[in-house]
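Presented below is the structure to which this report refers.
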Amino acid sequence: MNKISFILILGFASLATACKSGVKPQTKSTTEANNLLETRYKMLLDYPVDSMSMPRSMNTKTLEIRKVPSRDWTSGFFAGNLWQLYRLKGDSKYKEQAQKWTPFSKKESVNSNSHDVGFKVFCSFGEALKVENKKEYEAVIVKGAETLCKRFNPKVGAIRSWDFNKEIWDYPVIIDNMMNLELLFEASKISGNPKYRDVAIQHANTTLKNQFRADNSCYHVIDYNPTTGEVRKKTTLQGYNDDSVWARGQAWAVYGFTMSYRYTKDPAYLKQAEGTAKFFMTNKNLPEDGIPYWDFKDPSIPNSARDVSAAMVIASALYELYGYTKNDSYLAFADKLMTSVQTDKYILDAKIKAPFLFNHSTGNWPKHDEIDEPIIYADYYFLEALLRRK
């Protein structure tokens with residue numbers, strides 16, 4: 001079976017699952033939607049190679065592409081998208097482009113001023129390693145893990161997130177940080193050094209203890225006393241307010257604890273991933289097609305921005321979670337999300353020449369930044385979900 005045929009079959013299978021889940025069929029056929037995706041895939045090959053212009057997002061009104069250097073937390077995703085497309089399609093052109101973009105993230109493996117070394121390094125070099133078993137890729141991953149560990153405080157038991165807003169918090173730890181643990185787990189496998197794995201486990205355990213509410217939703221930010229390790233406050237930066245439920249944060253949590261279970265087989269991690277997944281999947285404010293509003297408690301719902309990126313993160317996570325639990329509801333919900341986005345409602349119009357696949361993601365609503373736009377990591381987790389579904 002060729003790669004395109006597989007995607008088409010997935011689309012039809014997902015549509016059948018979605019219909020059972022109450023999703024209304026779209027006006028355009030699955031074949032037309034996949035043709036539109038094929039058009040968009042090729043636009044990634046046309047994007048000019050430039051170490052200072054990694055595509056992050058796009059303003060669909062002005063058609064301006066937001067371009068970032070390697071220090072931006074999203075810088076590894078574009079190379080990762082190209083590697084994943086090569087694995088999906090087998091077309092060497094995607095591999096050739098991925099080989100050009102990946103080295104741009106290498107210097108981030110020694111950037112100790114960022115907690116997002118995992119995103120920047122593993123989403124590029126980690127994806128490269130899945131295709132080419134090169135020692136130089138492994139070395140960058142291990143170096144990145146060593147650098148990330150410099151932000152770990154054993155008293156807190158967690159990796160520090162941001163260094164800014166020191167007048168607001170002392171030692172902030174965000175739920176997003178769970179995603180950076182994959183770099184540490186893999187570095188221990190590569191190097192044989194248990195240090196990185198130990199730091200990852202301590203961080204996951206601290207997050208598990210303090211980041212979640214009784215209903216299994218999670219706070220965005222927990223601020224700690226770096227001297228005593230005590231919790232100072234539970235707050236947010238990207239949610240509607242401190243007690244709201246930022247959709248992508250919930251998706252990070254499901255993904256992060258499912259991934260941590262992969263490496264540890266700790267049943268507490270699996271239990272938390274399932275609890276937060278259930279909270280997400282059964283939330284009363286979830287739209288019919290499953291693509292969430294950016295925050296489940298935004299008072300302007302249903303007149304609120306959606307977040308395709310949150311949907312794709314949790315879809316990818318649920319495919320892995322299904323693999324461990326064989327809970328059919330996870331498979332059905334992930335298929336529903338994948339069916340929903342593979343329509344002209346969410347796929348970016350073919351007339352828009354840009355290296356993105358989907359519209360309608362939300363970056364940082366409180367800062368009015370990247371609202372209802374194409375954002376690179378939505379595409380990354382969609383492609384990862386396709387690979388995991390296969």
Salt-bridge contact [X]-[Y] (side-chain N to carboxylate O under 4.0 Å):
{"X": "Asp243", "Y": "Lys234", "value": "no"}
{"X": "Lys271", "Y": "Glu274", "value": "no"}
{"X": "Glu373", "Y": "Lys61", "value": "no"}
{"X": "Asp307", "Y": "Arg248", "value": "yes"}
{"X": "Lys135", "Y": "Glu138", "value": "yes"}
{"X": "Glu186", "Y": "Lys189", "value": "yes"}

Legend entry - For Glu136, side-chain contact (heavy atoms from CB on, under 4.5 Å) partners two or more places apart: Lys134

State, without any angle test, whether [X] and [Y] hold a side-chain donor-acceptor pair at a distance under 3.5 Å.
{"X": "Glu384", "Y": "Tyr319", "answer": "no"}
{"X": "Glu320", "Y": "Ser316", "answer": "no"}
{"X": "Trp246", "Y": "Asp295", "answer": "no"}
{"X": "Asn111", "Y": "Glu108", "answer": "yes"}
{"X": "Ser329", "Y": "Asn327", "answer": "yes"}
{"X": "Trp83", "Y": "Thr102", "answer": "yes"}
{"X": "Gln84", "Y": "Tyr380", "answer": "no"}
{"X": "Asn210", "Y": "Tyr219", "answer": "no"}
{"X": "Asp242", "Y": "Thr235", "answer": "yes"}

Could you tell me which residues satisfy salt bridge (charged side-chain N to carboxylate O under 4.0 Å, His left out) with [X], sequence neighbours excluded, listed by chain and number?
{"X": "Lys42", "result": "none"}
{"X": "Arg151", "result": "Asp163"}
{"X": "Asp369", "result": "Arg66"}
{"X": "Arg56", "result": "Asp72, Glu370"}

Inset, instruction - Work out which heavy atom in Ile376 is nearest to a heavy atom in Asn81; give both atom names and the distance. - result: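 Smallest interatomic distance, heavy atoms only, reads CD1-ND2, 3.5 Å.
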
Legend entry - Distance-minimising heavy-atom pair for Leu318 and Ala277: CD2-CB, 3.9 Å

Side-chain touch [X]/[Y], heavy atoms, less than 4.5 angstrom:
{"X": "Lys95", "Y": "Gln99", "result": "yes"}
{"X": "Arg71", "Y": "Ser114", "result": "no"}
{"X": "Val308", "Y": "Ile375", "result": "no"}
{"X": "Pro55", "Y": "Phe356", "result": "yes"}
{"X": "Leu286", "Y": "Phe333", "result": "yes"}
{"X": "Ile141", "Y": "Ser191", "result": "no"}
{"X": "Pro292", "Y": "Arg306", "result": "no"}
{"X": "Leu82", "Y": "Phe77", "result": "no"}

Okay, side chain of [X], backbone of [Y]: is any donor-acceptor separation there less than 3.5 Å?
{"X": "Ser340", "Y": "Asp289", "answer": "yes"}
{"X": "Ser304", "Y": "Ser300", "answer": "no"}
{"X": "Asp223", "Y": "Lys233", "answer": "no"}
{"X": "Arg40", "Y": "Ala354", "answer": "yes"}
{"X": "Ser124", "Y": "Gly76", "answer": "no"}
{"X": "Thr39", "Y": "Asn35", "answer": "yes"}
{"X": "Gln238", "Y": "Gly363", "answer": "yes"}
{"X": "Asn225", "Y": "Thr228", "answer": "yes"}
{"X": "Ser188", "Y": "Arg197", "answer": "yes"}
{"X": "Tyr171", "Y": "Asn153", "answer": "yes"}

Legend entry - All ring-ring contact (aromatic ring centres under 6.0 Å, His included) counterparts of Tyr261, not counting sequence neighbours: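 ring-ring contact (aromatic ring centres under 6.0 Å, His included) check on Tyr261 returns Tyr324.
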
Legend entry - ring-ring contact (aromatic ring centres under 6.0 Å, His included) against Phe279, all qualifying residues, sequence neighbours excluded: none

Could you give the distance from [atom1] ([X]) to [atom2] ([Y]), rounded to the nearest 0.5 Å?
{"X": "Leu337", "Y": "Ile291", "atom1": "CG", "atom2": "CD1", "result": "5.0 Å"}
{"X": "Ile347", "Y": "Asn34", "atom1": "CD1", "atom2": "CG", "result": "7.0 Å"}
{"X": "Leu183", "Y": "Lys120", "atom1": "CG", "atom2": "NZ", "result": "11.5 Å"}

Inset, instruction - Compute the centroid of each ring, for Tyr86 and then for Tyr94, and state whether the two points are separated by less than 6.0 Å. - result: no

Inset, instruction - Run the ring-centre check on Phe257 versus Tyr269 and record whether the distance is less than 6.0 Å. - result: yes

Inset, instruction - Sorted by first residue and then second, give each ring pair (Phe, Tyr, Trp, His ring centres under 6.0 Å) pair with at least one member in residues 172-204; sequence neighbours left out. - result: Phe185-Tyr263

Inset, instruction - Step by step, work out the ring-ring contact (aromatic ring centres under 6.0 Å, His included) result for Trp73 and Tyr377. - result: CA-CA 10 Å; Trp73 79 272; Tyr377 42 85; 4.9 Å; yes

Inset, instruction - Please lay out, stage by stage, how Phe280 and Phe296 fare under the test ring-ring contact (aromatic ring centres under 6.0 Å, His included). - result: CA-CA 9 Å; Phe280 191 110; Phe296 285 110; 5.2 Å; yes

Legend entry - ring-ring contact (aromatic ring centres under 6.0 Å, His included) between Trp101 and Phe104, intermediate numbers included: CA-CA 6 Å; Trp101 283 96; Phe104 298 154; 5.7 Å; yes

Inset, instruction - Would you mind listing the cluster partners of Trp169? Hydrophobic ones only (ILVMFWY), side-chain contacts under 4.5 Å, chaining allowed. - result: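 Members other than Trp169 - counting any ILVMFWY side chain reachable under 4.5 Å - are Trp162, Phe164, Ile168, Ile174, Val221, Leu237.
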
Inset, instruction - Could you identify which residues cluster with Ile301, counting Ile, Leu, Val, Met, Phe, Trp and Tyr as linked when any side-chain heavy atoms lie under 4.5 Å apart, either directly or through a chain of such contacts? - result: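 Grouped by the 4.5 Å side-chain rule, Tyr293 form the rest of the cluster around Ile301.
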
Legend entry - Pairs flagged by side chain to side chain donor-acceptor pair (under 3.5 Å) wherever residues 348-366 is involved - sequence neighbours left out: His360-Asp372

Legend entry - Lys130 atom NZ, over 12 foreign heavy atoms within 6.0 Å: yes

Listed pairs under 3.5 Å, donor-acceptor, residues 45-52 side chains, sequence neighbours left out:
from  : atom 1 : to    : atom 2 : distance (Å)
Tyr47 : OH     : Ser53 : O      : 2.6
Asp50 : OD1    : Met52 : N      : 2.9
Asp50 : OD2    : Ser53 : OG     : 3.0

